[in-house]
Amino acid sequence: DINDELGRAEVTIDNDGEAIGIDLEIEFYDGDTLLSSRSCPVGTVASGQRKTVDTDVFIPAAADRATTVITLTADS
């Protein structure tokens, strides 16, 4: 339920390729408008590894959806 309070996000990343450094960002939207985001450094995910990111997030009252974005880091 999205409703202007602290929530918990859990995202599991499976890496079937080469080791890679990544960051995870959780974005909250109202329609196409970005309301807020939460950056979560993940670090290096080794080949064949599964890594779970479990974090608190503030969920804006106007949010009607959330999405995740994975970006490469300098240590990749």
Side-chain angles (χ1 to χ4, degrees):
D1 193 18
I2 298 180
N3 59 0
D4 199 27
E5 63 181 46
L6 192 62
R8 194 101 186 125
E10 183 178 303
V11 178
T12 301
I13 300 164
D14 289 313
N15 182 10
D16 293 329
E18 297 178 23
I20 191 165
I22 60 172
D23 285 337
L24 173 72
E25 189 166 358
I26 302 167
E27 299 177 334
F28 294 93
Y29 288 87
D30 178 12
D32 291 332
T33 303
L34 176 64
L35 300 174
S36 70
S37 62
R38 168 81 157 92
S39 294
C40 306
V42 176
T44 300
V45 182
S47 178
Q49 183 181 19
R50 171 179 284 183
K51 197 162 195 176
T52 299
V53 177
D54 188 8
T55 188
D56 290 329
V57 291
F58 178 77
I59 304 169
D64 60 12
R65 68 184 175 94
T67 188
T68 56
V69 178
I70 294 174
T71 55
L72 301 179
T73 62
D75 62 340
S76 58

Distance-only donor-acceptor pairs under 3.5 Å for side chains of residues 22-31, two or more places apart:
| residue | atom | partner | partner atom | Å |
| --- | --- | --- | --- | --- |
| Glu25 | OE2 | Ser37 | OG | 2.9 |
| Glu27 | OE1 | Tyr29 | OH | 2.7 |

Single-linkage hydrophobic cluster, 4.5 Å side-chain cutoff, Leu72 and Val53 together: yes
Hey, quick one: are Ile70 and Val11 part of the same hydrophobic cluster, counting side-chain heavy atoms closer than 4.5 Å, chains of contacts allowed? yes
All side chain to side chain donor-acceptor pair (under 3.5 Å) counterparts of Asp56, not counting sequence neighbours: Arg8
Taking all non-hydrogen atoms of both residues, which atom of [X] and which atom of [Y] are closest, and how far apart?
X: Val57; Y: Arg38; result: CG1-CG, 3.8 Å
X: Ser47; Y: Gly17; result: OG-O, 2.8 Å
X: Ala19; Y: Thr44; result: CB-CG2, 4.3 Å

Among Thr12, Asn15, Asp14, find the residue that satisfies the side chain to side chain donor-acceptor pair (under 3.5 Å) test when tested with Arg50. Asp14
Report the distance from atom CD of Gln49 to atom CD1 of Ile20, rounding to the nearest 0.5 Å. 12.5 Å
Can you tell me how far CD1 of Ile59 sits from CG of Leu35, rounded to the nearest 0.5 angstrom? 12.0 Å
